Asks: 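Sharing a structure below in structure tokens format, with a few things to ask.
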Amino acid sequence: MYIDAIVKITAILKEVTGRDDVILIDGGDHADLASPVAFAMGKEEKRSPALIAKQITEQVYDRVLEEAWATTVAAGPYVNFIFDSRYLSAVLDAAVREGYGSLPPRKGRIVLEHTSANPNGPLHVGHIRNTIIGDTLARCFRKAGYQLEVQYYVNDMGRQIAIVAWGIEEQKEDITTGGKGDHRIAEVYVTANKALLADPEKNAEIDSLMQRVEAGDPATVARFREPVKQCLSGFKETLAGLHVTHDRFVYESDFIRNGDTQRLLARLSWLPQATRTDILSLDLSSFGFEKDYILQRSDGTSVYAARDLAYHMWKGRNFDRVIDVLGADHKLIGTQLQATLRLLGERVPDIIFFEFVSLPEGSMSTRRGKFISADDLLSEARDRALDEVTKRRPELDEATRIAIATSVCIAAIRYDIIKTIPEKSTVFSWDEALDFEKQSGPYIQYAHARACSILDKAGEFTHATEIGTDSEIALIKHIGRFPSVIEQVTEEQKPHLLALYARELADLFNSFYHAEPVLKAREITRNSRLTLVQATRNTLQEALVTLGIDAVRSM
RNA sequence: GGGCGUGUGGCCUAGUCAGGAUAGGGCGUCAGCCUCCUAAGCUGAAUGUCGGGGGUUCAAAUCCCUCCACGCCCGCCA
């Protein structure tokens, strides 16, 4: 409805003014939509913008009322549009239906890659920014009607994994015992890195391992595979704890084994930009890159970039759109990858880059063992959430309190991460990550639970849309924008907009809740308010689920 | 040194791409609100050179130039 109204009003304005540059802006306190087109017209025609706005208002009034269910009002140089009661009723009718906000199915399949952390230690709070941006986007794309597959690209043959494989042997460690696999790997990895630092000559053993694994030596492949398997099983457990699942894990080594990487390297070597000496590299200076893009080492082994190119070619040929979520440290290599695929005429991925999460004492590092693991974060969050639930709802049994606390802690973590724009680097703070008040996931869950509670007490009621008060109208208008938010999140790949929307929805509902009695209202007013509570509850639930957060009925 | 990103009240943050009406929120501070549908809540108050300086425009947090600060990158690592 909201999207529809914008399209219709814009078309009418274009027709009446004969201009192509009419845009509608948010009307703020003044209106639902506004057009400042009279400013430009006044400037060009040397007439008063206010007079022009008045004329436009008269010209479009009837059509806008008829087609977009809005009244047109001139306010100085602005042409303002205010939705009428038919619009409000229509929003309520739509918003009480299951699946509100879902957009019609679209053609084409998307592959979205996120997380893809190296299996050399547990996921930490930096990795899960990637995870949560990726998973939230995936949920939004699906809600927006796209078919989508989520993939995890497993780096199972890089230098880090060689170091892990080497470390296990050196340290005579059995990583299958003594704790969660990903944490055990980190212990080995940190120790192995120290050993290599102390005795750099040992690096030759790492090089040798990498040559053997690329050649497909079965014993070496097995030595790499086991720790990767252990680590991934730990990852899957952590991800599940955040409500995140991947449809497919794709192994980097597959692109060596199936020959794709070799075929790609051969193809690349024929490009005019290729330099073939003892190594293979590409001159991407025409794309603005200073240094050559190196793809094959002098010992003949491929570098990560080559395997990643093979992976992306495969994705591009099997899907209609390729999206990657990558950390800011991948900006250079990611844009080099895009440039190379463009050179080859292959499908170019859209890459969403996010900036780093650091600790107050400095940046995180798996190699140095300096990080806060996602598991520690989740466990601390669950403890704090359980304290809160116990404090507020002492009458509930333990199992129920734990279930609520689990939902609440995931909500707090996911919301804290997704609410900030990806372009901004952040400093991790326990207090902010585990905040359960305002601008938090639990705050939105609470609004939903509150709506559930009212509906539970109300019993049966008749759908009604007699709306009058300011807080009711503001709430309905916001509910009406939900589908357009889903649209915008996917168009602009900005999942934080959904977080913002959900919080504003909770704000408006809370204001309404405190301003207007629902259960104690009479007849049509009661029914209308209950309908509004139902519409709000449904929209909050859809928004929460799309954020990967449980819409709990009680908390 | 070069490239990319960020800079908004004491602290955190939206708005910047597609310039428009008094720059939205939150934390913290202050003053109120639970005989009333869940106070993880609501209402009100105070707090701003939108990093600095130029420019474009009827209009700049938003566009252009320049400088400063912070983050990331500039490996035959991934």
Side-chain angles (χ1 to χ4, degrees), chain A residues 21 23 25-31 34-37 39-40 42-43 49 75-78 80 116-118 120 155 157-161 163 207 252 278-281 288-291 294-299 301-305 307-308 327-333 335 353-356 358 363 385 388-389 391-393 408 412 419-427 429 431-432 435-447 449-458 492 496-497 499-500 503-504 506-507 509-511 513-521 529-530 533 554-555:
Chain A
D21 62 346
I23 51 139
I25 57 169
D26 186 83
D29 296 335
H30 313 273
S35 169
V37 69
F39 281 106
K43 171 80 174 160
Y78 291 90
N80 286 341
S116 300
N118 290 335
N120 57 0
N155 185 317
M157 57 177 296
R159 186 162 210 96
Q160 287 93 328
I161 308 312
I163 292 171
D207 293 340
E252 189 179 10
D278 56 330
I279 62 165
L280 173 63
S281 64
F289 296 104
E290 280 180 32
K291 299 200 175 175
I294 293 160
L295 297 163
Q296 193 172 30
R297 301 187 184 94
S298 54
D299 68 1
T301 56
S302 58
V303 300
Y304 164 85
R307 278 115 52 187
D308 204 21
D329 54 338
H330 283 68
K331 273 185 190 174
L332 179 60
I333 200 166
T335 45
F353 291 107
F354 67 93
E355 293 290 327
F356 269 40
S358 59
S363 58
E388 286 297 315
V389 176
K391 202 160 68 190
R392 293 163 203 272
R393 305 292 300 276
V408 164
K419 72 180 181 188
T420 305
I421 58 169
E423 293 85 352
K424 197 169 243 166
S425 54
T426 62
V427 178
S429 146
D431 286 340
E432 279 169 39
D435 183 12
F436 301 146
E437 292 173 4
K438 270 288 183 184
Q439 305 204 342
S440 79
Y443 166 79
I444 302 162
Q445 288 179 304
Y446 187 75
R450 180 178 258 173
C452 288
S453 172
I454 294 171
L455 292 168
D456 285 345
K457 292 196 165 99
E492 302 179 11
H496 76 281
L497 293 175
L500 189 69
R503 198 215 77 219
E504 286 171 346
D507 285 344
F509 177 66
N510 283 329
S511 295
Y513 169 87
H514 284 281
E516 315 294 346
V518 177
L519 297 177
K520 286 186 177 170
R529 287 183 183 162
L530 280 167
V533 173
S554 165
M555 62 187 281

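The chains referred to below are lettered A, B, ... by the order of the sequence lines, with proteins before strands, and numbering in each begins at 1. Keep in mind the model is a prediction, meaning the values are calculated, not measured.
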Asks: Have a look at A/T335 and say if it touches a base, only the backbone sugar-phosphate, or nothing, with a 4.0 Å heavy-atom cut-off.
Replies: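 Nothing: the residue A/T335, judged by heavy atoms under 4.0 Å, touches no strand.
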Asks: Let's test this: given Watson-Crick or G-U wobble pairing with both distances under 3.5 Å, identify the partner of B/C50.
Replies: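 Paired with B/C50, as far as the under-3.5 Å criterion goes, is no nucleotide at all.
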Asks: Rounded to the nearest 0.5 Å, what separates atom OG1 in A/T301 from atom CZ in A/R307?
Replies: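 Separation between the atoms: 8.0 Å.
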Asks: Look through every strand shown and name the nucleotide pairing with B/C27 as Watson-Crick or G-U wobble, where both distances are under 3.5 Å.
Replies: B/G10
Asks: Is there a side chain to side chain contact (heavy atoms under 4.5 Å, CB included) between A/R529 and A/K520 once you walk through the steps?
Replies: CA-CA 10 Å; A/R529 287 183 183 162; A/K520 286 186 177 170; over 6 Å; no
Asks: Taking any heavy-atom pair under 4.0 Å as a contact, classify A/Y443: base, sugar-phosphate, or nothing.
Replies: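 Sugar-phosphate contact only.
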Asks: Contact class for A/N120 (heavy atom, under 4.0 Å): base, sugar-phosphate, or nothing?
Replies: nothing
Asks: Any luck finding a side-chain donor-acceptor pair between A/D431 and A/S429 under 3.5 Å?
Replies: no
Asks: What is the pairing partner of B/G71, taking Watson-Crick or G-U wobble pairs with both distances under 3.5 Å in any strand?
Replies: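 In the structure as shown, B/G71 has B/C4 as its Watson-Crick or wobble partner.
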Asks: In terms of base orientation, is B/C34 syn or anti, with the syn window spanning 90° either side of 0?
Replies: syn
Asks: How would you label the contact of A/V37 with the nucleic acid (heavy atoms, under 4.0 Å): base, sugar-phosphate, or nothing?
Replies: nothing
Asks: With rounding to the closest Å, how many angstrom separate the P atoms on B/C76 and B/G19?
Replies: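 Each nucleotide's P atom is 43 Å from the other's.
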Asks: Select base, sugar-phosphate, or nothing to describe what A/V533 touches, counting heavy atoms under 4.0 Å on all strands.
Replies: nothing
Asks: For a quick check of understanding: with a heavy-atom distance under 4.0 Å over all strands, which category does A/V303 fall into, base, sugar-phosphate or nothing?
Replies: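 Sugar-phosphate, no base atom in range.
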Asks: Can you find a side-chain donor-acceptor pair between A/D507 and A/Y443 that sits under 3.5 Å?
Replies: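 Checked: A/D507/A/Y443 side chains pair up, N/O donor to acceptor below 3.5 Å.
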Asks: If you look at every strand shown and take non-hydrogen atoms under 4.0 Å, does A/R529 touch a base, only sugar-phosphate, or nothing?
Replies: nothing
Asks: Can you measure from NE2 (A/H330) to CG (A/D308) and round to the nearest 0.5 angstrom?
Replies: 7.5 Å
Asks: Contact class for A/Y513 vs. all strands (heavy atom < 4.0 Å): base, sugar-phosphate, or nothing?
Replies: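 Result for A/Y513 = base.
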Asks: So A/A34, base contact, sugar-phosphate only, or nothing? Heavy-atom distance under 4.0 Å.
Replies: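 Base, at least one base atom sits under 4.0 Å.
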Asks: Touch check for A/D278, heavy atoms < 4.0 angstrom, all strands: base, sugar-phosphate only, or nothing?
Replies: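 Base contact.
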Asks: Where do N or O atoms of nucleotides 43-45 of chain B meet protein N or O atoms at under 3.5 Å, pair by pair?
Replies:
unit_1	atom_1	unit_2	atom_2	d
B/U43	OP1	A/S511	OG	3.0

Asks: Where the side chain of A/E355 is defined as all heavy atoms beyond and including C-beta, which of B/G5, B/C42, B/U22 is the nearest nucleotide?
Replies: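 Of B/G5, B/C42, B/U22, B/G5 is nearest to the side chain of A/E355.
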Asks: Starting at the 5' end of RNA chain B and moving along, which residue's nearest nucleotide shows up first, A/Q160 or A/H514?
Replies: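 Nearest nucleotide further toward 5': that of A/H514.
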Asks: Figure out the CD/P separation between A/E504 and B/G24, and round it to whole Å.
Replies: 13 Å
Asks: In whole Å, what separates the P atom of B/U8 from that of B/C70?
Replies: 14 Å
Asks: With rounding to the nearest 0.5 Å, note down the distance linking CG in A/L295 to OH in A/Y304.
Replies: 12.5 Å
Asks: Applying a 4.0 Å non-hydrogen cut-off, can you work out what A/R392 is touching in the nucleic acid: base, sugar-phosphate, or nothing?
Replies: base
Asks: Rounding to an integer number of Å, can you tell me how far A/L295 CG sits from B/C77 C1'?
Replies: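 Whole-Å distance recorded here is 14 Å.
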Asks: Determine whether A/L332 and A/K291 satisfy the following criterion, side chain to side chain contact (heavy atoms under 4.5 Å, CB included), listing intermediate values before the conclusion.
Replies: CA-CA 10 Å; A/L332 179 60; A/K291 299 200 175 175; over 6 Å; no
Asks: Could you give the distance separating B/G9 and B/A23 at their P atoms, to the nearest angstrom?
Replies: 14 Å
Asks: How long is the span from the CZ atom in A/F509 to the CD1 atom in A/I454, to the nearest 0.5 Å?
Replies: 4.5 Å
Asks: Taking pairing as Watson-Crick or G-U wobble with both contacts under 3.5 Å, can you name the mate of B/C42, or confirm there isn't one?
Replies: B/G32
Asks: Mark yes or no for whether A/R297, through its side chain, and A/I279, through its backbone, hold a donor-acceptor pair below 3.5 Å.
Replies: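 Answer holds: no.
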Asks: Reckon A/I279 touches a base, only the sugar-phosphate, or nothing at all at heavy-atom distances under 4.0 Å?
Replies: base
Asks: Return the value, rounded to whole Å, for the distance between atom CD of A/Q296 and atom C1' of B/G75.
Replies: 17 Å
Asks: Look at the side-chain N and O atoms of A/K291 and state whether any lies under 4.0 Å from the OP1 or OP2 oxygen of B/G75.
Replies: yes
Asks: What integer number of Å spans the P atoms of B/G28 and B/U66?
Replies: 43 Å
Asks: Got a second to check how far A/R159's CZ is from A/D207's CG, nearest 0.5 Å?
Replies: 4.5 Å
Asks: Please evaluate the base of B/A21 for a donor-acceptor partner in the side chain of A/N80 within a cut-off of under 3.5 Å?
Replies: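 Counting by modelled atom types and ignoring angles, a donor-acceptor contact under 3.5 Å is found here.
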Asks: Distance check needed: B/G5 P versus A/F353 CZ, whole Å only.
Replies: 11 Å
Asks: What integer distance in Å separates A/F509:CZ from B/A40:C1'?
Replies: 14 Å
Asks: Side chain of A/I23, heavy atoms from C-beta onward: which of B/C76, B/C37, B/A18 has the nearest atom to it?
Replies: B/A18
Asks: For nucleotides 10-14 of chain B, tabulate all protein N/O to nucleotide N/O atom pairs closer than 3.5 Å, reporting atom names and distance.
Replies:
unit_1	atom_1	unit_2	atom_2	d
B/A14	OP1	A/I421	N	3.0
B/A14	OP2	A/K424	NZ	2.5

Asks: Looking at B/U62, which nucleotide sits across from it as a Watson-Crick or G-U wobble partner, both distances under 3.5 angstrom, or is there none?
Replies: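 Base-paired to nothing in any strand shown.
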Asks: Compare the minimum distances between each of B/C72, B/C76, B/A39 and the side chain of A/D329, then state the nucleotide with the smallest one.
Replies: B/C72
Asks: Looking at every strand, decide which applies to A/G28 at a 4.0 Å heavy-atom threshold: base, sugar-phosphate, or nothing.
Replies: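 Answer is nothing: A/G28 stays at 4.0 Å or more from every strand.
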Asks: Once rounded to the nearest 0.5 Å, what's the spacing between atom CE of A/M555 and atom CZ of A/R393?
Replies: 9.5 Å
Asks: How far apart are the C-alpha atoms of A/I444 and A/R503, what are their side-chain angles, what is the distance that settles it, and do they pass the side chain to side chain contact (heavy atoms under 4.5 Å, CB included) test?
Replies: CA-CA 6 Å; A/I444 302 162; A/R503 198 215 77 219; 4.2 Å; yes
Asks: So, using side chain to side chain contact (heavy atoms under 4.5 Å, CB included) as the criterion, who are the partners of A/I421 when residues are at least two apart?
Replies: A/E423, A/K424, A/H496
Asks: When the C1' atoms of B/G24 and B/U62 are considered, how many whole Å apart are they?
Replies: 15 Å
Asks: For B/G19, give the paired nucleotide (Watson-Crick: N1-N3 plus N6-O4 or O6-N4; G-U: N1-O2 and O6-N3; both under 3.5 Å), or none.
Replies: none
Asks: Looking only at the side chain of A/A75 (C-beta and beyond, no hydrogens), which of the listed nucleotides B/C73, B/C37, B/A21 gets closest?
Replies: B/A21
Asks: Take atom P in B/C42 and the same atom in B/G52, then report the distance between them in whole Å.
Replies: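 33 Å, rounded to whole Å.
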Asks: Regarding A/E492, tell me which of base, sugar-phosphate or nothing describes its non-hydrogen contacts under 4.0 Å with the strands shown.
Replies: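 If one applies the 4.0 Å heavy-atom cut-off, A/E492 turns out to touch a base.
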Asks: How close or far is atom C1' of B/G24 from atom CG of A/D26, stated in whole angstroms?
Replies: 11 Å
Asks: State whether A/R297 places a side-chain N or O below 4.0 Å from either non-bridging phosphate oxygen (OP1 or OP2) of B/G75.
Replies: no
Asks: Need to verify one output field. Residue with the more 5' nearest nucleotide on RNA chain B, A/N510 or A/E252?
Replies: A/N510
Asks: Is NZ or CZ of A/R450 both nearer than 6.0 Å to the six-membered ring centre of A/Y513 and within 45° of the ring axis?
Replies: yes
